[in-house]
Amino acid sequence: MLEAILVSEWPWWASGIAFGLFVTLYSFLFNSSFGFSSTLEFSLKAPDTENSETQSMREAVLQMAEEAGVTPEELGVNLDELEEAGPIARGPTLSPRFMVLGVFLGAFVAARLAGARVAGTLGTVHEAVYGLDGYMLVILLFFGGVIGGFGARMAGGCPSGHGLSGLSTLSVASLLAITGYFIGGSSLLFLLEALQ
Amino acid sequence: MNNKLLTSMLGFVLGFMYVKAGVIEYKYIKGMFLFQDFHMFGFLFTAVGVAAVGQLALEKAGIKSPNGHAFTRRRRKIHPGLVPGGILFGLGWALTGACPGTSIAQVGRLYLPAIVSFVGLATGVLLYRPFHKKYIPWTTDSCG
């Protein structure tokens with residue numbers, strides 16, 4: 001039983017249940033929709049605007065001061081020092097960089113437990129399928145990544161976001177995004193199949 | 001609990017599950033796009049079903065999220081970028097077999113070429129923000 005959980009690949013229905021529970025937990029903890037494209041973006045560059053759950057210390061103090069009818073200085077607060085402190089939030093917030101780190105570690109451990117070897121890489125599949133290796137593979141993966149990242153942000157989500165979270169809340173928007181994914185991906189792969 | 005610890009733990013579970021679910025394996029992505037393999041569809045439908053029931057249950061139960069607010073299901077807004085962005089993403093996904101989250105899992109699984117996919121995804125994601133600011137009038141309503 002432990003072996004089934006830790007070592008073997010899971011059957012799709014088991015993974016489905018696990019992810020469904022994960023999405024539910026995530027949305028509960030953060031009261032926010034699970035999605036990785038924004039997490040990736042924010043792990044690289046912080047968002048420009050704070051979301052409604054956070055309030056900069058500076059704003060909080062200014063608001064308090066205004067309500068009390070005093071200046072921040074009279075409250076004994078040094079605003080410049082506060083600027084450094086950053087936003088405050090109620091409840092847990094996601095730390096994007098740690099999410100990225102966690103995913104990496106989790107995947108690493110899962111692969112180790114399953115006895116995965118470094119050989120049998122993604123590249124091998126691309127090689128076998130498309131006869132690509134070396135520079136061509138690098139160019140293909142990079143280009144694919146760029147349009148993938150760009151498209152995901154344009155659509156406002158990647159399959160984790162729109163596919164899992166969006167559909168689970170019955171978002172028509174997510175159906176549209178997923179339709180887009182298939183138009184793009186299926187067209188390309190059918191075309192490549194036809195050209196083989 | 002510290003946010004970083006919580007996030008790391010969630011990330012760990014997610015990364016672990018990405019690998020176990022097989023969603024990082026190119027053969028399944030390809031099989032999905034060519035409608036030859038049921039794995040990804042079965043996974044998606046099950047996950048969506050469970051998540052839908054789970055979130056509905058939380059909402060109906062009037063549970064309060066840790067941030068003090070009542071839990072509400074977040075519907076995604078419709079905007080013009082959905083389909084074109086989706087198409088672009090789909091092309092990329094079909095090429096790399098990766099989406100932002102799974103590319104990291106692929107690297108963790110030591111699919112070394114996935115590092116290139118990840119760098120590409122990161123580049124694309126970072127390129128979008130200034131592009132959006134300059135040329136796009138709508139909001140994508142994505143807050144992760």
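The shown structure was predicted, so the numbers you read here are calculated from the model rather than taken from an experiment. Sequence lines set the chain letters: A, B, ... in the order given, protein chains first and strands last, and positions in each chain run from 1.
Under the ring pair (Phe, Tyr, Trp, His ring centres under 6.0 Å) criterion, Phe16(B) pairs with no residue, sequence neighbours left out.
For the atom pair OG (Ser37(A)) and CZ (Arg153(A)), the distance works out to 4.0 Å, reported to the nearest 0.5 Å. To the nearest 0.5 Å, atoms CD1 (Ile183(A)) and CG (Leu176(A)) are separated by 9.5 Å.
Within the 4.5 Å cutoff, the side chain of Phe43(B) has heavy atoms near those of the Val23(B) side chain. Using a 4.5 Å heavy-atom cutoff, the side chains of Gln106(B) and Phe118(B) are not in contact.
If you measure heavy-atom distances from Ala98(B) to chain A, you find no contacts under 4.5 Å at all. The contact between Met32(B) and chain A is made by backbone and side chain atoms together, counting heavy-atom distances below 4.5 Å. Both the backbone and the side chain of Pro84(B) have a heavy atom closer than 4.5 Å to some heavy atom of chain A. For a residue to count as touching a neighbouring chain, one of its non-hydrogen atoms must lie under 4.5 Å from one of that chain's; by this rule Ser27(A) touches chain B with backbone and side chain alike. At a 4.5 Å heavy-atom cutoff, the contact between Phe41(B) and chain A is made by side-chain atoms alone. Only the side chain of Leu25(A) comes within contact range of chain B, with at least one heavy atom under 4.5 Å from a heavy atom of that chain. Proximity to chain A is limited to the side chain of Ile63(B), based on heavy atoms less than 4.5 angstrom apart. If you measure heavy-atom distances from Leu127(B) to chain A, the contacts under 4.5 Å come from both the backbone and the side chain. In this structure, chain B has no heavy atom under 4.5 Å from any part of Leu101(A).
Across all non-hydrogen atoms, the minimal contact from Leu10(B) to Phe22(A) is O-CE1, 3.5 Å. Nearest heavy atom pair, residue Leu14(B) against residue Met99(A), reads CD2-CE, 4.0 Å.
Note on Ile17(A), Leu164(A), Val109(A), Leu29(A): by heavy-atom pairs under 4.5 Å with chain B, the leading option is Leu29(A). The candidate with the highest count of non-hydrogen atom pairs below 4.5 Å against chain B, out of Trp13(A), Phe28(A), Phe190(A), is Phe28(A). Listed options Ser174(A), Gly163(A), Gly151(A) were ranked by heavy-atom pairs under 4.5 angstrom with chain B; first place goes to Gly151(A). Counting heavy-atom pairs closer than 4.5 Å to chain A, the top-ranked of the candidates Leu34(B), Ile29(B), Val83(B), Val13(B) is Leu34(B). Heavy-atom pairs under 4.5 Å with chain B were tallied for Leu44(A), Leu21(A), Val23(A); the largest tally goes to Leu44(A). Top candidate by heavy-atom pairs under 4.5 Å with chain A, chosen from Gly49(B), Gly90(B), Pro80(B), Cys99(B), is Gly90(B). For the set Ala21(B), Gly54(B), Ser8(B), the entry with the most heavy-atom pairs within less than 4.5 Å of chain A is Ser8(B).
In summary, Lys30(B) and Glu193(A) engage in a salt bridge, as defined by a charged side-chain N under 4.0 Å from a carboxylate O.
At least one donor-acceptor pair closer than 3.5 Å links the side chain of Thr7(B) to the backbone N or O of Ser95(A). Counting only distance, with no hydrogens or angles, the side chain of Arg109(B) and the backbone of Phe108(A) share no donor-acceptor pair below 3.5 Å.
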